[in-house]
Amino acid sequence: MIYTSCTLRKLTINYNDFGAKIADSVTETEVPIIRIEKVRQTEFYKASEVGFKPELRLVISTLNYNDEEELEYGEVVYSIIRKEIGIDTMILICERKIKNV
């Protein structure tokens with residue numbers, strides 16, 4: 001199934017006066033997808049050399065991105081491992097996020 005939007009997720013970690021972690025908050029923003037692309041073969045092999053496994057390339061508007069680290073697409077959470085920034089659009093290269101990591 002092809003979805004027309006994804007949810008960008010930004011994690012904020014809060015600390016108390018002693019530097020101990022007290023809370024995590026997640027800001028979620030749903031944004032439209034301009035285009036879905038296949039991961040290029042050369043990109044896949046170069047990324048695997050450094051331990052990444054890119055599975056998804058989404059093109060969104062540059063205006064919708066605000067340094068988020070994760071996105072949810074099709075009920076699956078992905079880590080954003082690389083960005084290609086253009087004038088009006090940007091490509092987010094993502095890998096499936098492993099639970100509890």
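No hydrogens, no waters, no symmetry mates; every other heavy atom, side chains included, goes into these values.
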Taking all heavy atoms of [X] and all of [Y], pick out the closest pair and write down the distance.
| X | Y | result |
| --- | --- | --- |
| I34 | I60 | CD1-C, 3.7 Å |
| S25 | N14 | OG-ND2, 4.4 Å |
| C94 | L71 | SG-CD2, 3.5 Å |
| E30 | S5 | OE2-OG, 2.7 Å |

Do you reckon [X] sits in the same ILVMFWY cluster as [Y], going by side-chain contacts under 4.5 Å, direct or chained?
| X | Y | answer |
| --- | --- | --- |
| L92 | I33 | yes |
| L11 | Y15 | yes |
| L63 | I80 | no |
| Y78 | Y65 | yes |
| I81 | V59 | yes |

Worksheet item: Judged by atom type as modelled, is there a donor-acceptor pair below 3.5 Å linking the side chain of T89 to the main-chain atoms of S61?
Response: no
Worksheet item: Okay, side chain of K10, backbone of N66: is any donor-acceptor separation there less than 3.5 Å?
Response: yes
Practice prompt. Classify the ring geometry between Y73 and Y3 as parallel (under 30°), tilted (30 to 60°) or perpendicular (over 60°).
Written response: perpendicular
[atom1]/[X] to [atom2]/[Y] distance, rounded to the nearest 0.5 angstrom?
| X | Y | atom1 | atom2 | value |
| --- | --- | --- | --- | --- |
| I36 | K38 | CD1 | NZ | 12.0 Å |
| S79 | I93 | OG | CD1 | 13.5 Å |
| L8 | T29 | CG | OG1 | 6.5 Å |
| E84 | R57 | CD | CZ | 4.5 Å |
| T62 | I91 | OG1 | CD1 | 10.0 Å |
| E68 | R9 | CD | CZ | 11.5 Å |

Discussion item. So that I can tick it off, tell me whether E55 and R96 are bridged by a salt bridge, with the cut-off set at under 4.0 angstrom between side-chain N and carboxylate O.
Written reply: yes
Worksheet item: Side chains of T7 and E28: do they bring a donor and an acceptor to under 3.5 Å?
Response: no
